[in-house]
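Since the model is a prediction, treat every value here as computed from it, not as a measurement.
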Amino acid sequence: MSQEYVPPKVWQWDKANGGAFASVNRPIAGPTSERELPVGKHPFQIYSLGTPNGQKATIMLEELLQLGFSDAEYDAWLIKIFEGDQFTSGFVDINPNSKIPAMVDRSGDEPFRVFESGAILMHLAEKFGVLLPTSGAARAECLSWLFWQVGSAPFIGGGFGHFYNYAPFKIEYAIDRYAMETKRLFDVANRQLAKTRFLAGDDYTIADIATYTWFGNLYRGEAYGEAATFLSMHEYEHVGRWVGEIDSRPGVLRGRLVNSSKGISERHDASDFDALPPEALQGIVKGF
């Protein structure tokens, strides 16, 4: 293969060029098969997979339950993205973008969809009145950090993670470009966390949940092979302190285990966690 790629005048989709995600990525939207989504008994129905974005929703719901909001009970259904579950008609109906997580709020008279992880976090925070300041500078700070993460995640996952770990061949320019940006983002957080306990100040918020799922996996060495060594994660001591504190939260521990091969594939009741070994819920199992 030539080291220099010359783009054709008109791009054509070649599925063979998709690498590890050839079955997932495509240049068109819409369903490829007809299948309705299952519906459980709880007010919130989550359709997801235990990726960083998927964990945002389940961590949020488990944090709400930990805070005593029994009305936050939920069913979490597994969406197998490598088998195309996100392209079924039922899933596309609740997320036309065909990405996890997606949620249906069935707590009122009329069920409605909420898609995109940041929107789910914000919706639940506003509904229950927690983890998001209600007004003023504190609210603005929290939302600024939330949308900083939402805008930054593609550089880490679809950028660095893809080219460093998943692409069918290594491209030095692409790896360098996204490694630089990933390290810059960690430096942004590290500098902030040198001044504040959490990203938006002294209080834990949805901005921390959103960022933690991505930063925690990388910092602990649980993402993209040897990425933690490659990116010198040990340099970000304040991020490390913050990750460690959030790691120990019971709601976070449970939320990370949902829709996961290292935890529970689906969650329909709090007792579903009882089948796991005690060390799983203590955060001892590396890489769950």
Side-chain angles (χ1 to χ4, degrees), residues 40 42-79 100-101 103 117-118 120-121 124-125 128 130-132 146 149 153 156-157 189 193 197-200 202-224 228 233 236 238-288:
H42 294 306
F44 299 99
Q45 301 294 302
I46 293 288
Y47 303 92
S48 191
L49 182 67
T51 66
N53 280 335
Q55 287 176 1
K56 292 178 193 177
T58 51
I59 286 174
M60 180 65 178
L61 286 161
E62 290 293 339
E63 289 280 37
L64 290 170
L65 292 170
Q66 185 71 26
L67 289 169
F69 294 101
S70 58
D71 290 345
E73 270 294 350
Y74 70 103
D75 293 276
W77 304 91
L78 182 65
I79 298 297
I100 58 93
M103 182 179 80
S117 58
I120 292 171
L121 289 175
L124 291 171
F128 290 94
V130 291
L131 302 180
L132 171 63
L146 173 64
Q149 189 284 320
I156 298 175
L193 291 167
R197 181 180 176 188
F198 296 105
L199 282 172
D202 292 333
D203 296 324
Y204 175 71
T205 69
I206 57 175
D208 297 292
I209 295 175
T211 308
Y212 162 84
T213 61
W214 285 93
F215 279 40
N217 277 0
L218 257 179
Y219 186 85
R220 290 187 301 268
E222 296 170 7
Y224 314 133
M233 284 287 110
Y236 307 105
H238 303 294
V239 170
R241 182 267 307 165
W242 169 82
V243 167
E245 182 170 354
I246 298 175
D247 274 346
S248 66
R249 297 179 66 92
V252 171
L253 287 166
R254 292 195 302 272
R256 289 178 61 205
L257 289 164
V258 178
N259 297 145
S260 169
S261 62
K262 297 176 181 177
I264 54 178
S265 62
E266 293 187 352
R267 189 268 193 209
H268 302 293
D269 191 84
S271 62
D272 291 343
F273 294 106
D274 295 344
L276 297 174
E279 55 267 26
L281 288 169
Q282 296 169 5
I284 298 172
V285 178
K286 182 177 175 61
F288 67 72

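- The CG atom of Leu146 lies 10.5 Å from the CG atom of Asp208; values are rounded to the nearest 0.5 Å.
- Using a 4.5 Å heavy-atom cutoff, the side chains of Tyr74 and Thr58 are in contact.
- Salt-bridge formation is detected for the pair Glu222/Arg256: a Lys NZ or Arg NE/NH1/NH2 atom is positioned less than 4.0 Å from an Asp or Glu carboxylate oxygen.
- Although no hydrogens or angles enter the test, the distance criterion places a donor-acceptor pair under 3.5 Å between the side chain of Thr213 and the main chain of Ala210.
- Phe198 pairs by the ring pair (Phe, Tyr, Trp, His ring centres under 6.0 Å) definition with Tyr204, not counting sequence neighbours.
- Side-chain atoms of Tyr212 and Asp247 include a donor-acceptor pair closer than 3.5 Å.
- Asp274 CG: more than 12 foreign heavy atoms inside a 6.0 Å radius.
- Under the 3.5 Å distance criterion, the side-chain polar atoms of Asn259 are left unmatched by any main-chain donor or acceptor of Ile79.
- Counting heavy atoms from C-beta on, the side chains of Glu245 and Arg197 come closer than 4.5 Å.
- Residues Ile46 and Ala57 come closest through the heavy atom pair CD1-CB, 4.0 Å.
- The CD atom of Glu63 sits 13.5 Å away from the CZ atom of Phe128 when rounded to the nearest 0.5 Å.
- For the pairing with Ser48, the side chain to side chain contact (heavy atoms under 4.5 Å, CB included) check across Asn53, Val258, Leu78, Ile100 returns one residue only, Ile100.
- Residues Ala72 and Leu64 share a closest heavy-atom pair of CB-CB, 3.7 Å.
- Atom CG of residue Leu199 and atom CG of residue Leu193 lie 5.0 Å apart, to the nearest 0.5 angstrom.
- In this structure, Lys56 and Gln149 have side chains that are in contact, with non-hydrogen atoms separated by less than 4.5 Å.
- Minimum interatomic distance between Ala189 and Phe215 (heavy atoms only, all atoms of both residues): CB-CE2, 3.7 Å.
- Expressed to the nearest 0.5 Å, how far OG1 of Thr51 lies from CH2 of Trp214 amounts to 7.0 Å.
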Kindly indicate, with the supporting measurements, whether the criterion side-chain contact (heavy atoms from CB on, under 4.5 Å) is fulfilled by Leu257 and Lys262. CA-CA 7 Å; Leu257 289 164; Lys262 297 176 181 177; 5.7 Å; no
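- Across all their heavy atoms, Gln55 and Gly50 have their closest contact at NE2-O, 3.4 Å.
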Kindly indicate, with the supporting measurements, whether the criterion side-chain contact (heavy atoms from CB on, under 4.5 Å) is fulfilled by Trp242 and Val239. CA-CA 5 Å; Trp242 169 82; Val239 170; 4.2 Å; yes
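- A side-chain donor from one of Asp269 and Ser271 sits under 3.5 Å from a side-chain acceptor of the other.
- Of all heavy-atom pairs between Ala125 and Ile206, the closest is CB-CG2, 3.9 Å.
- In this structure a side-chain-to-backbone donor-acceptor pair under 3.5 Å is present from His42 to His268.
- The salt bridge (Lys or Arg N to Asp or Glu O under 4.0 Å) check on Glu62 picks up Arg254, Arg267, with sequence neighbours excluded.
- Heavy-atom minimum distance, Gly157 versus Tyr224: CA-OH, 3.3 Å.
- How far CD of Glu73 is from CZ of Phe44: 10.5 Å, rounded to the nearest 0.5 Å.
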